[in-house]
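These figures come from a predicted structure and were not determined experimentally.
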Amino acid sequence: MWDYLKLVLLGLVAVFAAVAANYARDVAYMVHALIIMAVAAGMFVWVLRRTDEYELPKERSLSYMDDVIRAGVIATAFWGVVGFLVGVYIAFQLAFPVLNLEWAQPYANFGRLRPLHTSAVIFAFGGNALLCTSFYVVQRTSAVRLWGGNLAWFVFWGYQLFIVLAATGYLLGGTQSKEYAEPEWYVDLWLTIVWVAYLTVYLGTILNRKEKHIYVANWFFLSFIVTVAMLHVVNNLAVPVSIFGSRSVQVFAGVQDAMTQWWYGHNAVGFFLTAGFLGMMYYFIPKQAERPVYSYKLSIIHFWALIFLYIWAGPHHLHYTALPDWASTLGMVFSVILWMPSWGGMINGLMTLSGAWDKLRTDPIIRMMVVSLGFYGMSTFEGPMMSIRAVNALSHYTDWTIGHVHSGALGWNGMITFGCLYFLTPRLWQRQGLYSLSLVNWHFWLATIGIVLYAASMWVTGIMEGLMWREVDAQGFLVNSFADTVAAKFPMYVVRALGGVLYLTGAIIMCYNLWMTVRAAPAKDAAAPAMAPAE
């Protein structure tokens, strides 16, 4: 009966999407309607061909649901390379503006490729990493299969559809121009549906658990899922201009919109790129090091302090604007206090290696994870420092902020994700080990050197830029024009782009290594993993 309801629903979606494409008021909406029509029609045929099939054998339900995690590992690696590639290209565009190719305009200019890069790295690469690792961790720490049957597959494929709709929207000019929240209203609605399904799967698995205790990593994953849902809904409140067009009018305006946007923007960093990845850290570093978490009590204190403090820090993005001083001061104070719980997490992760530091010499995966914690600690010190008004007066609107963001994103999020992918692949595909630890070593050094080149060049050019903007002559007039600062930054922009090339090269080597692990590494003799919290 359920299959027939799905067929009716998919048929209606395909028909309505065809009508919407016909009456579309802009190109982005038309393309998206055609994509949805094609997806719904394809799903209709797929469901129709499976209507007479029986349920999976009962013994299959006694093992973990790892197929969706395998798909998540593949998607993470794929979108990572795509995001890094676009990032390298726009880095070279800034150094060499001629790369804004005239024949490819307006689709390949910096203004449209830049949000494509940020969303590909944060939401496609980082989001898929969080999906697959959270599904892996919650099953192993709860000793049960993912709740909801194929609902986890809906979450995975629904999220991939969101990524495609968002990316094509950027290239076609269909965005609402909000930092980290560019997709238009109907894409936001779809993501809300997918995210609620994600929360349902995750929460259902925890409630259905066989283990009495809820492991700390699940607290971090759950806080990330719940808070991101709240941030997404509130920040994207909008009224569509037409049901057949991508344009919409924001509910908030002026300084209220700016406040809401940076409440969202900073907490997207705080909960998507920090809390979720700390969930990864609290499971995979102890597993790879084969050591228990250094202090479970500290992990609980770290969790509650982090989530209570982070939510207030957003206004520090709006110093020296129309936002009231008390509001930006509040953001600054909470940002400075936030340094302490952030370092509590870093110290807990590093001290987990007590008694296992010798592994750094022989295990490049542990080395990646340790470097990621180092960058986490550095970024969570630099961020509070940059939130202080006196420092922010120099750093804001400069490339120093770009260096800060990328040292966190590439160093913390990127390196911990790479380590998790190297951990997961042999286990998910039942292999004895990775194809080549030597290639992991190459990846480690290329990525590390690439991050250092990137961040250091942006720190230098950012501080230089801020000082040049401040420089005045004896009469009090500005000495440097904006064009002067752009010309002075050229060498650092080239270094930044070369650092990106190294990082991208490392990611490509990783993809080759993971592919060969699946194809060529010796297989384990073990059967599918039973439901036990051993892994």
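- Judged by distance alone, the side chains of T448 and R367 never bring a donor and an acceptor atom under 3.5 Å apart.
- Counting heavy-atom neighbours within 6.0 Å of W445 CH2, excluding the residue itself, gives a total of 12 or less.
- More than 12 non-hydrogen atoms from other residues, nucleotides or ligands lie less than 6.0 angstrom from CD of E471.
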May I have the step-by-step check of ring-ring contact (aromatic ring centres under 6.0 Å, His included) for F123 and F272, ending in yes or no? CA-CA 9 Å; F123 297 115; F272 200 96; 5.2 Å; yes
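- Counting only heavy atoms from C-beta outward, the side chains of V494 and F92 never approach each other to under 4.5 Å.
- With no hydrogens or angles considered, no side-chain donor-acceptor pair links H316 and S328 at under 3.5 Å.
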When you look at V370 and L360, which way does the side chain to side chain contact (heavy atoms under 4.5 Å, CB included) test go after all the steps? CA-CA 9 Å; V370 168; L360 284 174; 3.8 Å; yes
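- In this structure, the side chains of P183 and L165 stay at 4.5 Å or more apart for every pair of heavy atoms.
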Quick one: do N109 and Q93 satisfy side-chain hydrogen bond (donor to acceptor under 3.5 Å, both in side chains)? Show the steps, please. CA-CA 8 Å; N109 63 30; Q93 280 185 324; over 6 Å; no
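- Rounding to the nearest 0.5 Å places NE2 of H443 at 13.5 Å from OG of S438.
- In plain terms, the two heavy atoms of H302 and P341 that are nearest each other are CD2-O, 2.9 Å.
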Would V472 and F477 count as a side chain to side chain contact (heavy atoms under 4.5 Å, CB included) here? Give the steps. CA-CA 5 Å; V472 294; F477 293 103; over 6 Å; no
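- Using a 4.5 Å heavy-atom threshold, the side chains of L161 and V194 count as separate.
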Trace of the salt bridge (Lys or Arg N to Asp or Glu O under 4.0 Å) decision for D26 with R247: CA-CA 9 Å; D26 56 81; R247 302 304 175 199; 5.0 Å; no
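- Between Y29 and A24, the shortest heavy-atom distance links the atoms CD2-CB, 3.6 Å.
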Before giving the answer on ring-ring contact (aromatic ring centres under 6.0 Å, His included), spell out for W412 and F418 the whole-Å C-alpha distance, their side-chain angles and the decisive distance to 0.1 Å. CA-CA 10 Å; W412 158 233; F418 296 148; over 10 Å; no
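- For Y320, the OH atom counts as densely surrounded, since its 6.0 Å shell holds more than 12 non-hydrogen atoms of other residues, nucleotides or ligands.
- Two rings, from F444 and Y422, have their centers 6.0 Å or more apart.
- In this model, no donor atom of one side chain and acceptor atom of the other lie less than 3.5 Å apart for R25 and S246.
- For the pair P115 and T118, the tightest heavy-atom approach, listed with the atom from each and the gap, is O-OG1, 3.1 Å.
- Checked against the 6.0 Å centroid criterion, the rings of H319 and H396 do not qualify as a close aromatic pair.
- Distance check, rounded to the nearest 0.5 Å: CD1 of I163 to OG1 of T168 gives 11.5 Å.
- Ring centers of Y512 and W515: at least 6.0 Å apart, outside the cut-off.
- Between H117 and Y170, the side chains place no donor N or O within less than 3.5 Å of an acceptor N or O (distance only, hydrogens not considered).
- Y493 carries R496 over the face of its six-membered ring, with the cationic atom under 6.0 Å from the centre and within 45° of the normal.
- Taking OG from S223 and CZ from F303, the interatomic distance works out to 4.5 Å, rounded to the nearest 0.5 Å.
- Of all heavy-atom pairs between T461 and M492, the closest is CB-CB, 3.8 Å.
- A heavy-atom distance below 4.5 Å is not found between the side chains of L446 and M510.
- If you look at Y180 and Y264, their ring centroids are not closer than 6.0 Å.
- In the model, W400 has a side-chain atom that pairs as donor or acceptor with a side-chain atom of E382 under 3.5 Å.
- The aromatic ring centres of F423 and F284 sit less than 6.0 Å apart.
- Of the inter-residue distances, the one linking M385 atom CE with H404 atom NE2 reads 9.0 Å to the nearest 0.5 angstrom.
- Environment of CH2 in W469: crowded, with over 12 heavy atoms of neighbouring residues, nucleotides or ligands closer than 6.0 Å.
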Mind running side-chain hydrogen bond (donor to acceptor under 3.5 Å, both in side chains) on S248 and E184 for me, showing each step along the way? CA-CA 7 Å; S248 61; E184 272 290 3; 2.8 Å; yes
List the steps and the verdict of side chain to side chain contact (heavy atoms under 4.5 Å, CB included) for L323 and W262. CA-CA 11 Å; L323 191 75; W262 283 109; over 6 Å; no
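- Side-chain contact between F375 and L410: absent, with no pair of heavy atoms (C-beta onward) separated by less than 4.5 Å.
- Around CH2 of W219, the count of heavy atoms belonging to other residues, nucleotides or ligands within 6.0 Å does not exceed 12.
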Please lay out, stage by stage, how T175 and R112 fare under the test side-chain hydrogen bond (donor to acceptor under 3.5 Å, both in side chains). CA-CA 10 Å; T175 79; R112 294 196 180 185; over 6 Å; no
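- Under the 6.0 Å cut-off for aromatic ring centres, W263 and Y310 do not qualify, their centroids lying 6.0 Å or more apart.
- Donor-acceptor pairing under 3.5 Å is recorded for the side chains of D363 and Q288.
- Counting heavy-atom neighbours within 6.0 Å of W459 CH2, excluding the residue itself, gives a total above 12.
- In this structure, F221 CZ and F135 CZ are separated by 10.5 Å, a value rounded to the nearest 0.5 Å.
- With ring centers used as reference points, Y454 lies 6.0 Å or more from Y503.
- In this structure, CG on L373 lies 5.0 Å from CG on L350, to the nearest 0.5 angstrom.
- Between Q176 and N236, the side chains place a donor N or O and an acceptor N or O closer than 3.5 Å (distance only, hydrogens not considered).
- Using a 4.5 Å cut-off on side-chain heavy atoms (C-beta onward), I416 and I285 make contact.
- A side-chain donor from one of S134 and Y198 sits under 3.5 Å from a side-chain acceptor of the other.
- Looking at heavy atoms from C-beta onward, L439 lies out of side-chain contact with L434 at the 4.5 angstrom threshold.
- Using a 4.5 Å cut-off on side-chain heavy atoms (C-beta onward), V233 and D188 make no contact.
- Side chain of N100 to main chain of P97: a donor-acceptor pair is present (N/O by atom type, distance under 3.5 Å, no hydrogens or angles).
- You'll find the ring centres of F78 and F125 outside the 6.0 Å limit.
- The number of heavy atoms from other shown groups lying within 6.0 Å of OH (Y89) is above 12.
- Side-chain rings of Y376 and F381 stay apart, their centers remaining 6.0 Å or farther from each other.
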Could you go through K359 and L353, starting from their C-alpha distance and side-chain angles, then the distance that decides it, and tell me whether this counts as side chain to side chain contact (heavy atoms under 4.5 Å, CB included)? CA-CA 9 Å; K359 290 179 180 288; L353 292 169; 5.7 Å; no
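- For the residue pair T260 and D257, no side-chain donor N or O sits within less than 3.5 Å of a side-chain acceptor on the partner.
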